[in-house]
Amino acid sequence: MYLKCGSTNDAFDVFEKMPRRNLTSWDTMITGLARNGLGEDALDLFSQFKQAGLKPDAKMFLGVFYSCGVVGDINEGMLHFLLMSSDYGIIPSMEHYVGVVDMLGSTGNLDEALEFIEKMPFEASADVWETLMNLCRAHGHLELGDRCAELVKQLDPSRLNEQSKAGLIPLKDSDLKKNEKKKLASRSPLEVSSRVNEYRAGDTSHPENDRIYALLRRLKEHMKEAGYVPETRFCLHDIDQESKEEALLAHSERLALANGLLTSPARGQIRIIKNLRVCGDCHAAFKILSKIVGREIIMRDAKRFHHFNEGLCSCRDFW
């Protein structure tokens, strides 16, 4: 529960105080840390697990591969893949091959991922090719992505929706509300004083609206002094440069952050949940803001957790 909320320190406290730990306890911590962007901590914990004389099961290696992908260490990831069978007698399943492909592809090693698939001891499943397809499109390798799409179509045509066929990264049905055909408005709920406040991009309905926007404008000046340059390419409206900067200022996550700064205790953590993927400009802004205001900002977007602290993000600018 703590890990799903981004409270890694609280999760560690509970884990350390457990009178007994089983494989599920260790696996939950390793995978949860990695999904919070703390891949190095996850791999350190896996090392402690082995030093304690314990043997990992097949499920734990999925978390290890994900951790290696987070830190970008594919050499260590491939070493663990080999040790699965040689040291622990675990025969890699299709799920493990998907995990390795995801690890290789998420770090941009798409050719290596393709070579890995071609050397599999059995025919790759639709899951494997679909994973590589989405990663290729995320990294702009459209030709290879289309080749993967053809293979997915041959193996399981139901996997391809209209977005996949058009060469786009598919959106899962679960990501949309039932019967909702228009694009989701960008929203960020923020919990303040036991209440959940919801913000939409450009929202001006909040009772503290004037204070929120005034704070954002003041912070923008401090950010520019610290080297921030607005990435107006993330504003898709056909307006002038100054208006684009103003539109970026009104993104839902920034409204949520401003109200959090106004209503939460000094130096306290701020937690934000966003229903879409955070844009590149807001990501850059949050890194700088975390240093300016001296706060840790924890944001969960549609892709992953982002822990902003002292001008850095746990995702290492890859999400």
Side-chain angles (χ1 to χ4, degrees), residues 1-49 59-60 62-71 106 175 187-199 252-278 282-283 285-319:
M1 182 271 291
Y2 279 130
L3 289 167
K4 287 181 178 179
C5 293
S7 299
T8 54
N9 290 335
D10 291 320
F12 257 123
D13 286 342
V14 173
F15 181 76
E16 292 296 330
K17 292 175 182 177
M18 289 179 70
R20 288 178 302 179
R21 303 181 191 129
N22 59 14
L23 279 173
T24 302
S25 312
W26 288 92
D27 178 59
T28 301
M29 278 300 300
I30 291 168
T31 303
L33 288 171
R35 294 195 180 281
N36 273 274
L38 305 176
E40 291 181 359
D41 290 332
L43 292 172
D44 286 344
L45 197 62
F46 182 57
S47 296
Q48 293 176 32
F49 172 84
K59 184 181 177 182
M60 186 172 289
L62 295 173
V64 172
F65 298 150
Y66 190 89
S67 303
C68 291
V70 169
V71 300
S106 64
D175 294 334
R187 298 182 297 176
S188 292
L190 171 76
E191 187 171 343
V192 178
S193 303
S194 299
R195 298 194 315 271
V196 173
N197 292 269
E198 186 178 282
Y199 307 82
S252 59
E253 54 266 56
R254 295 204 201 187
L255 300 177
L257 174 61
N259 194 38
L261 291 170
L262 290 170
T263 55
S264 62
R267 302 295 175 180
Q269 290 179 337
I270 294 178
R271 300 175 185 279
I272 298 170
I273 304 168
K274 184 172 172 63
N275 69 326
L276 301 175
R277 185 175 179 269
V278 62
C282 287
H283 190 271
F286 272 42
K287 287 197 299 181
I288 295 174
L289 284 169
S290 68
K291 191 169 187 177
I292 290 174
V293 301
R295 304 264 203 127
E296 182 181 10
I297 306 164
I298 302 172
M299 178 165 59
R300 177 73 165 100
D301 71 1
K303 179 71 175 177
R304 61 176 298 160
F305 272 103
H306 299 267
H307 293 253
F308 300 96
N309 199 13
E310 291 294 322
L312 300 173
C313 179
S314 59
C315 77
R316 302 186 179 191
D317 299 335
F318 177 79
W319 74 101

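Remember, it's a predicted structure, so these values are computed and weren't measured experimentally. The analysis underlying the following values was restricted to heavy atoms, covering all of them including side chains, and did not include hydrogens, waters or symmetry mates.
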Can you tell me how far apart [atom1] ([X]) and [atom2] ([Y]) are? Round to the nearest 0.5 Å.
X      : Y      : atom1 : atom2 : value
Phe15  : Thr8   : CZ    : OG1   : 13.5 Å
Leu62  : Met60  : CG    : CE    : 10.5 Å
Ile297 : Glu253 : CD1   : CD    : 11.0 Å

Taking the side chain from [X] and the backbone from [Y], do they hold a donor-acceptor pair closer than 3.5 Å?
X      : Y      : result
Asn275 : Asp301 : no
Arg304 : Asn36  : no
Ser25  : Asn22  : yes
Arg300 : Lys274 : no
Arg295 : Gln269 : no
Ser314 : His307 : yes
Ser290 : Gly311 : yes
Ser7   : Leu3   : no

Give the minimum heavy-atom separation between [X] and [Y], together with the two atoms involved.
X      : Y      : value
Cys282 : Val278 : CB-CG2, 3.9 Å
Ala34  : Ser67  : CB-OG, 3.3 Å
Arg271 : Cys5   : NH1-O, 3.0 Å
Lys4   : Phe305 : O-CZ, 2.9 Å

Is there a side-chain contact between [X] and [Y], using heavy atoms and a 4.5 Å cut-off?
X      : Y      : result
Leu33  : Phe12  : yes
Leu23  : Phe49  : yes
Cys315 : His283 : yes
Arg21  : Trp26  : yes

What's the verdict on side-chain contact (heavy atoms from CB on, under 4.5 Å) for Lys287 and Leu312, showing C-alpha distance, side-chain angles and the deciding distance? CA-CA 5 Å; Lys287 287 197 299 181; Leu312 300 173; 5.6 Å; no

Salt-bridge test for Glu310 and Lys291: reply yes if a basic N is under 4.0 Å from a carboxylate O, no otherwise. no

Residues Asp27, Lys59: salt bridge by 4.0 Å N-O rule: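 Salt bridge between Asp27 and Lys59, a charged N being under 4.0 Å from a carboxylate O: yes.
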
Which residues pass the side chain to side chain donor-acceptor pair (under 3.5 Å) test with Thr24, not counting sequence neighbours?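 For Thr24 there are no side chain to side chain donor-acceptor pair (under 3.5 Å) partners, ignoring immediate neighbours.
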
What verdict does the side-chain contact (heavy atoms from CB on, under 4.5 Å) test give for Tyr66 and Ile30, after you've listed the backbone C-alpha separation in whole Å, the side-chain angles of each residue and the deciding distance to 0.1 Å? CA-CA 9 Å; Tyr66 190 89; Ile30 291 168; over 6 Å; no

Partner set under salt bridge (charged side-chain N to carboxylate O under 4.0 Å, His left out) for Glu40, not counting sequence neighbours: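 For Glu40 the salt bridge (charged side-chain N to carboxylate O under 4.0 Å, His left out) partners, ignoring immediate neighbours, are Arg316.
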
In sequence, state the C-alpha distance, the side-chain angles, and the governing distance for Ile298 and Ile272, and then conclude on side-chain contact (heavy atoms from CB on, under 4.5 Å). CA-CA 6 Å; Ile298 302 172; Ile272 298 170; over 6 Å; no

Asn259 and Tyr199: side chain to side chain donor-acceptor pair (under 3.5 Å), yes or no, with the steps? CA-CA 10 Å; Asn259 194 38; Tyr199 307 82; 2.5 Å; yes

For the residue pair Phe308 and His306, does the interplanar ring angle fall in the parallel (under 30°), tilted (30 to 60°) or perpendicular (over 60°) class?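 Ring orientation of Phe308 relative to His306: parallel.
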
